[in-house]
There are 2 protein chains.
Amino acid sequence: MRIGELSRRTGVAVPTIKYYVREGLLPAGRLTSPNQADYDETHERRLRLVRGLIEVGGLSVSAVREVLAAVEDTDRPVHKVLGSAHESLTPPHAVGGAELAGAREAVAALVARRGWQTAPDGAAGEALAGALATLRGLGHGGFEEVLDAYADACERIATADLTYVGRAPDVERLVEGVVVGTVIGDAVLSAMRRLAHTDASARRYGAADD
Amino acid sequence: MRIGELSRRTGVAVPTIKYYVREGLLPAGRLTSPNQADYDETHERRLRLVRGLIEVGGLSVSAVREVLAAVEDTDRPVHKVLGSAHESLTPPHAVGGAELAGAREAVAALVARRGWQTAPDGAAGEALAGALATLRGLGHGGFEEVLDAYADACERIATADLTYVGRAPDVERLVEGVVVGTVIGDAVLSAMRRLAHTDASARRYGAADD
DNA sequence: CCATCATAGATAGTCCCACTATCAGATAGC
DNA sequence: GCTATCTGATAGTGGGACTATCTATGATGG
């Protein structure tokens, strides 16, 4: 198909598609003449993925580029690819402050307590420590008391995610599943948590009138 | 204290503080003379909250303004205040597409199935529907099979959140707890989910070497 | 009392990001 | 031939979050 149809099918403007090609988010079409290029379903699929990551996942263009780079090289061992895809999916949280050291300890303690086989000083652990440090700085350090309930929930979710993702027919789909599951899954989880909040709050504070 | 000390204590640059005052995120200091104003701990607390919402929560300045407006008027019934705080915390997801209708039905079915007392067409429900529609468009509609595992986890988390937040000494703290819990809690949950993923993935795909 | 410093308030500027517009030259398809 | 569409390139736009500069004024310390 030509770029116009690709645009029509995905709802992405033609100049935007060209922009994504320039930015390396999308491979260029196969040139059939100096001013005609052919795009196929892989382009369409990739373009939908890019839009999903940007719109629903809230990723920046450069973050998408990094993630896709990890998806790309399927030569490396699977868990390495997953790992780097995962790392680049975790936004860097440059949160400083006096509380950070204590928060890091809390993270390490949590990881040890749960017996998680993961490095507490990776991107995810740092992000968690940053969030906890912020909570402490806001006088909400007591929030950490419910951390184990969160951990229970996360174990449950991770198991469900793996179950879904494990059904992938090949490595490429597997990695794509991880990316989608992580990014869009975050959005799903966040939205659903709000629904559950509303429900729990309605039960507790009795909003029977509306 | 004067603006310089407020800046030193919070690590926020003086012009940025002024900018926040202009934008209505922070009340102005009490003028003691035409060119001197006095700031107290409430300013410091608010400023830390603003920074947390922006840095860790990833909220925009205008989103912070909306949220704070909801926090502000504590005259209204508690559950209304919580509701509007909550609504303004949910980013609008303008995801269109053919899949949206089906995704909305899936959300409604989920809400009915779980017996949640919440409107499936509120901001959170729409966000969830948008995410599900995106998944469908990416060929990951099968993800919806694990939705109930997510729902289990969310119920657990919501209960924990309510437990924490219910300890607030007054209405203002309660609402602030909801805001912080929702926004920073999202970051906590997202980071922790990644940790759990790494663990689950290590167990499954055996990354004993690193 | 005077030099130096910090401050309020106002306005303008900067930087980055994600697009979007406009062109020139070249087909595609009728 | 004629018109719609395309490639590839460059320049421009609009929004967001600060940041710099300036003036007039007052605080502070020797």
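These numbers come from a predicted model, not from an experiment.
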Is the phosphate of [N], meaning OP1 or OP2, less than 4.0 Å from a side-chain N or O of [X]?
X: A/T16; N: C/dT20; answer: yes
X: A/S33; N: C/dA28; answer: yes
X: A/Y39; N: D/dT7; answer: yes

Protein-nucleotide distance ([X], atom [atom1]; [N], atom [atom2]), rounded to Å:
X: B/I17; N: C/dT7; atom1: CD1; atom2: C1'; value: 12 Å
X: A/R65; N: C/dC17; atom1: CZ; atom2: P; value: 10 Å
X: B/Y19; N: D/dG16; atom1: OH; atom2: P; value: 9 Å
X: B/K18; N: D/dT21; atom1: NZ; atom2: C1'; value: 11 Å
X: A/D38; N: D/dT5; atom1: CG; atom2: C1'; value: 15 Å
X: B/L53; N: D/dA17; atom1: CG; atom2: P; value: 13 Å

*Between A/A13 and B/A28, name the one whose nearest nucleotide on DNA chain C is closer to the 5' end.*
B/A28
*asked:* Is it the case that atom CD in A/E105 sees more than 12 heavy atoms from other parts of the structure closer than 6.0 Å?
replied: no
*Looking just at side-chain N and O atoms, do B/Y20 and B/R51 make a donor-acceptor pair shorter than 3.5 Å?*
yes
*Could you pick out which residue, B/Y20 or B/R2, lies toward the 5' side of DNA chain D when each is mapped onto its nearest nucleotide?*
B/Y20
_Looking at every non-hydrogen atom in both residues, tell me the closest pair between A/E41 and A/M1 and how far apart they are._
N-CE, 4.4 Å
*Backbone N or O of A/G130 within a donor-acceptor pair of the A/T134 side chain at under 3.5 Å?*
yes
*Establish whether the base of C/dA26 is bridged to the side chain of A/N35 by a donor-acceptor pair shorter than 3.5 Å.*
yes
*Heavy atoms under 4.0 Å, any strand shown: does B/R22 hit a base, just sugar-phosphate, or nothing?*
base
*Contact class for A/P15 vs. all strands (heavy atom < 4.0 Å): base, sugar-phosphate, or nothing?*
base
